[in-house]
Amino acid sequence: MKKYNHRTIEKKWQKVWTEKNLYRTNLKSRRKKYYCLVEFPYPSGEGLHVGHIRSYTALDVIARKRRAEGFEVLYPMGWDAFGLPTENYAIKTGQPPAVITKRNVNRYRKQLQELGFSFDWSREINTADPNYYGLTQWLFLQLFKAGLAYKAKMPINWCPKDKIGLANEEVVAGCCERCGTPVEQREKDQWLLAITKYADQLDRDLDLVDYPPPVKIQQRNWIGRAEGAKVKFGNIEVFTTRPETIFGATFIARHGAADRFTGEYAINPANQEKIPVWEAEYVMEGVGTGAIMGVPTHDERDRAFAEKYNLPIREAPLADEILLKKIGARPMTTYKLHDWIFSRQRYWGEPIPLVFCEKHNWVPVSNKDLPVKLPPLKKYAPTDTGESPLASIESWVKTKCPLCGGPARRETDTMPNWAGSSWYYLAYLIKNLKTNTYNLKAKSLFKHWLPVDWYNGGLEHTTLHLLYSRFWHKALYDLKLVPTKEPYGKRTSHGLVLAANGEKMSKSRGNVVNPDELIRRFGADALRLYEMFMGPFDQAIGWKENGLVGARRFLDRVWRLAVSSKFKVQSSKLNSDLQFLVQQTIKKVTDDIEQMKFNTAISALMILLNHFEKTPAIPLAVAKTFLKLLSPFAPHLAEEFWVKLSEKKSIHLAPWPHLIKTEPRWAAMVKIVVQINGKVRDILEAPAGLTEEKIKNLALGKEKIQLWLKGKNIQRTIIVPNRLINIVLDQ
RNA sequence: GCCGGAGUGGUGAAAUGGCAGACACGCUAGCUUUAGGAGCUAGUGAGCGCAAGCUCGUGGAGGUUCAAGUCCUCUCUCCGGCACCA
């Protein structure tokens, strides 16, 4: 072959890998396990985004490295298939959401397979599959039975033009995302999940996991733990984080639609002073005890309020612990976190598996009737009442109470799109999602495979999916359904891939990059390589096609080198410079992959290739090392040449290269920087490990240095062995 | 306002307190009959200089240090998150 034909190579190896089940995980393997997870995509009509590829390639690199290190690796993929765009498309076209989803999933799967990811496709899941959502419903019922799901009147976002209830995500700047009409609030009975019961654990257990500090901070801020005290001012109880400022309290305030004096007074227990009770806009409902003590000298908002309404402002001594105890101040902790509204008045989601019976109130559907399947519809548009379209199918709504057999009506709301993704990392471990597995028989596998070792996903999910699934997991832990307190041991995040001008890629802006076309023109290996090389992994970055051209150029050069005669040399004699560089490269690539510094790992491979091109012969062992280090990034091309080096097994089954541990003779010479007053004046080449005295003599012996020293006195010299000497002169 | 993160060439960026700009992209010049978005060689932070070389240079102002992109203080700008949470 004369030219690097990526299409032939990539197709060929993808077929071979699939036929040989190369990436099939043996969940019962005795080897050490490693569970790599990436956020599974929502199969939208737009197809795969180059941002998905960034995340999936990164963990593909990690997964491949772990396999080479001897781990049994699970790297699964699936579809987060319930969601609004699909439903909206169904409303517009009349096509059933299930049909649309199937088409989109097929497209996504094909795209992912063409990228050569090492997913175990035998474990593919789909949250909209009845077998899957049957378990989602069953798990919901476990939460319900544990008292974690309840119904309450809550405001929903209502678009008066579309006559439709909107999810928070669909409200943009107070207006309907679809038509731009200002959104109204309507009261509706909604299911809520009591995530606040886990607020404390969700905060505290962040200490148990390896998340990037900003992610932990953002979750902690969202949970908003605040420690303080509640104190009784007569029959009004206030919450404060600064109880010691109680002598400065000159009024009491609770929430009101407008600022006004209530006419009531309360007694400050610290000094028996009679102080007025106000209603104030700035006091929030449902926080703490619902009332605050106004201390104008210690709180800016209290001060502003006092100034506005001519309330007293006075400095006062701080109260001590003993006094606070005496007046009955009791410790209290509050959280900003609210319970999770879990109802959606929508069709394309998991039906909430509860029925309402006059005698028994809300009753869970029995296991044998799970899953509660979504009934087929003619029209997917919501009804005039703002209820789910399911409410319009009277024959479906009418049912019997599982307890008494009396007449009952089904809940017609569905679950939010966060439901299926709250437990999907467990689903990959369940062999068969059929309806008879509702006892979660996979427990022994859970014990072996949990927690997920490394989970990569978007920062935008920090306070949504990531928090929700931690909550579900903790609830399931308390129900003894999972063996660990936390679902994910390590979490990392990729930066967004933006359009070239730094804008977000979107269909409406028309700046979306199509991966299919890129794979066709440049190849999957080049695309993968570029996405890893484009910049620091955790940083947002603009798409530059020229960068992709550069990645392709690198692979072209690998190709030319590998088909040249100098790649096949069976030499036992190693050039010491080359050997040194190879060792350096192994170290750099190995370390950098662990830290997700893929850009510098690849640059190390580029440096090695540059060196190869200037080297007359590349020994077989070095060639193999190079291909192995390249293989996580460009799996197809690496495999192609691995086989040409008469290897019988796949490169992806070969062990990771190791460093030579003995003191290398090829590192005998080092470059030592010679500075004068901190400025570089010369560079010495010297044997490694010289004494300070010898380095100094060598430096002082250099002509250039002597010129600088003329007529000056050496005040001191600083020597860093093998690196640097700084000669400090009198001024 | 509060909480995070980031400011380095024309661009993406590198740099355990120890040679700032590795590795790429782009550009310039040259070579190569060069069907291609090709390849090879050299150059490419700014200023001065024929050159050797010198000076300046990591948003800004100070500081610590023999030595600062890196540590400390203050400050400006941009990006992300939160929104009166007592």
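Naming: A, B, ... by sequence-line order, numbering from 1 per chain. Computed from a predicted model, the values in this text were never measured in an experiment.
Residue L581(A) contributes atom CG, which lies 13 Å from atom C1' of A22(B) at whole-angstrom precision. Nucleotide G5(B) holds its P atom 19 Å from the CZ atom of F537(A), rounded to whole Å. Atom CZ of F633(A) is separated from atom P of A24(B) by 15 Å (rounded to the nearest Å). For F251(A) and A86(B), the CZ to P distance is 16 Å, given to the nearest whole Å. Distance I727(A) CD1 to A67(B) P: 15 Å, rounded to the nearest Å. Between the CG atom of L555(A) and the P atom of C25(B) there is a distance of 12 Å, rounded to whole Å. To the nearest angstrom, C1' of C84(B) lies 14 Å from CD of E285(A). Nucleotide C2(B) holds its C1' atom 15 Å from the CH2 atom of W222(A), rounded to whole Å.
Taking side-chain N and O atoms only, K704(A) has a distance below 4.0 Å to OP1 or OP2 of G53(B). When the side-chain nitrogen and oxygen atoms of R681(A) are compared with OP1 and OP2 of C54(B), one or more of them lie within a distance under 4.0 Å. Taking side-chain N and O atoms only, R553(A) has a distance below 4.0 Å to OP1 or OP2 of C25(B).
Between the side chains of D592(A) and T600(A), at least one donor N or O lies within less than 3.5 Å of an accepting N or O. If you check the side chains of R716(A) and N726(A), you find no donor sitting under 3.5 Å from an acceptor. Side-chain contact check for H6(A) and R552(A): at least one donor-acceptor pair (N or O, by modelled atom type) lies under 3.5 Å.
Base contact: M284(A) has a heavy atom under 4.0 Å from a base atom. Nucleic acid contact class of N610(A) (heavy atoms, under 4.0 Å, all strands): sugar-phosphate only. Contact annotation for E545(A): base contact, defined as any heavy-atom pair under 4.0 Å involving a base atom. Note on T334(A): nothing from the nucleic acid sits closer than 4.0 angstrom, heavy atoms only.
Spacing of C1' atoms, A22(B) relative to U8(B), comes out at 13 Å, to the nearest Å. Comparing the C1' positions of G4(B) and U16(B) gives a spacing of 26 Å, expressed to the nearest Å. To the nearest whole angstrom, the two P atoms, one in C25(B) and one in U77(B), are 37 Å apart. Here, C82(B) and G9(B) have their C1' atoms 37 Å apart, quoted to the whole Å.
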Check your understanding: Does the salt bridge (Lys or Arg N to Asp or Glu O under 4.0 Å) test come out yes or no for K588(A) and E594(A), once each step is laid out?
Key -> CA-CA 10 Å; K588(A) 183 85 179 144; E594(A) 290 307 314; over 6 Å; no

Practice item. Report the C-alpha separation of R330(A) and E237(A) in whole Å, then their side-chain angles, then the decisive distance to 0.1 Å, and conclude whether the salt bridge (Lys or Arg N to Asp or Glu O under 4.0 Å) test is met. Key: CA-CA 11 Å; R330(A) 283 182 299 141; E237(A) 195 162 37; 3.7 Å; yes

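Both R225(A) and R716(A) sit near RNA chain B, but only R716(A) has its closest nucleotide nearer the 5' end. Nearest-nucleotide positions on RNA chain B place W708(A) closer to the 5' end than the other of W708(A) and G290(A).
Figure legend. U55(B) is base-paired to A46(B); pairs are counted as Watson-Crick or G-U wobble with both atom distances under 3.5 Å. Pairing for A68(B) is absent, with no Watson-Crick or G-U wobble pair whose two atom distances lie under 3.5 Å. The partner of G1(B) is C82(B), judged by Watson-Crick or G-U wobble contacts that both fall below 3.5 Å.
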Study note, to complete from the structure: Scoring nucleotides 12-19 of chain B by protein non-hydrogen atoms under 4.0 Å (B base, S sugar-phosphate only, - none) yields BSSSB-BB

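With a 6.0 Å cutoff to the six-membered ring centre and a 45° limit on the axis angle, R491(A) counts as a cation-pi contact of Y455(A).
The side-chain hydrogen bond (donor to acceptor under 3.5 Å, both in side chains) test with D203(A) is passed by exactly one of Q219(A), R220(A), R225(A): R220(A).
Other residues, nucleotides and ligands contribute only 12 or fewer heavy atoms inside 6.0 Å of the NZ atom of K671(A).
Proximity of the aromatic rings of W559(A) and F554(A) is defined here by a centroid distance below 6.0 angstrom, and this criterion is not met.
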